[in-house]
Protein chains: 2
Amino acid sequence: MSSEYSAQHRPDVDPSADPSSNQGTPTRDRIAQQLHLHGLKPTHQRVRVAEILMAAPTHMTAEQILAQIRKGGERVSKATVYNTLKVLAQRGLVRQIHLDPERSVYDSTIVPHHHFHDLETGELKDIDPNDIAFSRFPTLPEGMEAEVVEVVIRLRRKRAADGA
Amino acid sequence: MSSEYSAQHRPDVDPSADPSSNQGTPTRDRIAQQLHLHGLKPTHQRVRVAEILMAAPTHMTAEQILAQIRKGGERVSKATVYNTLKVLAQRGLVRQIHLDPERSVYDSTIVPHHHFHDLETGELKDIDPNDIAFSRFPTLPEGMEAEVVEVVIRLRRKRAADGA
DNA sequence: TTGAATGCAAACGCTTTGCACTCGG
DNA sequence: CCGAGTGCAAAGCGTTTGCATTCAA
């Protein structure tokens, strides 16, 4: 499942926010610092959750993150994963999205962007923000402003031209 | 909550599908016929659910529909409302959408279209399809085709220019 | 009549919460 | 040390399901 359609941008917080030892530091320490910078106590569990989700631009469910942590032999409770994800989302470190009624997925890419949604696998892929532009856009209801604009392109495998 | 942003199109099945007595028939009978045409036994409960949802272009949750039926003194079980909505959606008479992780809403407008989503009230408003056009659109993953393209514009009340 | 649809309540899956225990600063 | 964070299990909430009863054709 290589993401050749993933966004090109880096999901990291802006580099200026981490003026200290940044160059040779392993990911885990960088994550811990990010958590700290956002007012979160970088506990072992939180760092693991954030590390898995934020290591690269991905979309994961709480269950997937839980599974991945436990696969490594570590112990985390389901509640902690959910609570951690909620706090990370509140603090703006990750983004919660819900294109599927069954479950939420968490997106490590925090800048607003659009998604391909594979209807068969449920998989999500980022769309490069530069690949979408509007030539016509509706007037907004009076007194309101657009917080975000999200485009979802639901994909289905192309029907091989059957001899109909 | 007048929908000046509602789509202009009619959500009915195509008129040619109903060659019989159509002109003077009250809504309830029209609904019953539509159900029948789609292979659904038009029971009292189903007609009520469909009638409420399809009377005009709206977006309603299962709970809202249940409440509206019961407000009129009629008896329907929650399960029947959910089951009916599921069948209506399967048969293409309504459309299930989920922009909110908490609940599904059912949309009486079945042609693909876009939505304003009021982040404060949770309310949805249709966007006229003619009010949205793309000037740039991403290349789709190989072998895939776009089943639908959905744009969601999440709205927030404009911040009155406070004297900050 | 008779299979399909309904109603109720129990089951379900995802997420949150209450509370005692533990850990990080 | 001490409050924030964790873990477990129980509770919540929207939705589905099992089964006996009822209804539409």
Side-chain angles (χ1 to χ4, degrees), chain A residues 28-29 31-51 53 59-67 69-70 73-91 93-106 122, chain B residues 20 28-29 31-53 59-67 69-70 73-91 93-106 122:
Chain A
R28 190 161 310 193
D29 290 6
I31 297 284
Q33 286 190 357
Q34 282 190 45
L35 292 178
H36 196 225
L37 287 170
H38 285 260
L40 295 175
K41 196 181 287 187
T43 65
H44 186 211
Q45 292 87 335
R46 283 178 174 177
V47 172
R48 290 297 288 129
V49 169
E51 184 183 10
L53 187 53
H59 311 90
M60 300 182 78
T61 65
E63 289 293 347
Q64 288 173 330
I65 293 171
L66 181 63
I69 295 179
R70 289 187 170 165
E74 299 178 72
R75 301 181 61 274
V76 210
S77 74
K78 184 181 286 198
T80 295
V81 172
Y82 275 103
N83 291 336
T84 298
L85 287 171
K86 187 199 268 191
V87 183
L88 291 179
Q90 283 169 350
R91 295 301 213 279
L93 284 161
V94 303
R95 184 175 264 263
Q96 182 183 23
I97 55 190
H98 24 265
L99 306 180
D100 195 312
E102 305 300 299
R103 67 196 67 68
S104 283
V105 316
Y106 289 85
Chain B
S20 57
R28 191 162 309 193
D29 291 6
I31 298 284
Q33 286 190 357
Q34 281 190 46
L35 292 178
H36 195 225
L37 287 170
H38 285 260
L40 295 175
K41 193 181 288 187
T43 65
H44 186 212
Q45 292 86 336
R46 282 177 173 176
V47 172
R48 290 296 289 130
V49 169
E51 185 182 8
I52 287 172
L53 186 53
H59 310 90
M60 299 183 77
T61 64
E63 289 292 347
Q64 289 173 328
I65 293 171
L66 181 63
I69 296 179
R70 289 187 170 166
E74 298 177 73
R75 300 180 60 272
V76 209
S77 73
K78 185 181 285 197
T80 296
V81 172
Y82 276 104
N83 292 336
T84 298
L85 288 171
K86 187 198 267 189
V87 184
L88 291 180
Q90 282 170 350
R91 295 301 214 281
L93 285 160
V94 304
R95 184 174 263 263
Q96 182 183 24
I97 55 189
H98 24 265
L99 306 181
D100 195 312
E102 305 299 300
R103 69 197 68 68
S104 284
V105 316
Y106 290 85

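Each chain gets a letter, A, B and so on, in the order the sequences are listed, and its residues count up from 1.
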### Query
Is B:Glu63 touching bases, backbone alone, or none of the nucleic acid, heavy atoms closer than 4.0 Å?
nothing
### Query
With sugar-phosphate meaning primed atoms plus P, OP1 and OP2, does B:Thr61 contact a base, only sugar-phosphate, or nothing at under 4.0 Å between heavy atoms?
nothing
Give me the atom names and distance for the closest heavy-atom approach of [X] to [Y].
X       : Y       : result
A:Arg28 : A:Arg48 : NH2-NH1, 3.8 Å
B:Gly39 : B:Arg91 : O-NH2, 3.7 Å
B:Arg70 : B:Ser77 : NH2-CA, 3.9 Å

[X] [atom1] to [Y] [atom2] distance, which is reported to the nearest 0.5 Å:
X       : Y       : atom1 : atom2 : value
B:Gln45 : B:Asn83 : CD    : CG    : 11.5 Å
B:Glu63 : B:Tyr82 : CD    : OH    : 4.5 Å
A:Leu85 : A:Gln90 : CG    : CD    : 11.0 Å
B:Thr84 : B:Leu93 : OG1   : CG    : 11.5 Å

### Query
Do the side-chain N or O atoms of B:Ser104 get closer than 4.0 angstrom to the phosphate oxygens (OP1, OP2) of D:dT15?
yes
[N] [atom2] sits how many Å from [X] [atom1], rounded?
X       : N     : atom1 : atom2 : result
A:Leu66 : D:dT6 : CG    : P     : 14 Å
A:Leu85 : D:dT6 : CG    : C1'   : 15 Å
A:Leu40 : D:dG5 : CG    : P     : 7 Å

### Message
Within the 4.0 Å limit for protein heavy atoms, which parts of nucleotides 16-25 of chain D are touched? Write it as a string from 5' to 3', B for base, S for sugar-phosphate only, - for none.
### Response
BB------SS
### Query
For DNA chain C, which nucleotides open and close the run of contacts to chain B, 5' to 3', at under 4.0 angstrom from a non-hydrogen atom?
C:dG3 to C:dA9
### Message
So if I apply the side-chain contact (heavy atoms from CB on, under 4.5 Å) rule between B:Val49 and each of B:Leu66, B:Ile65, B:Ile31, which one comes out positive?
### Response
B:Ile65
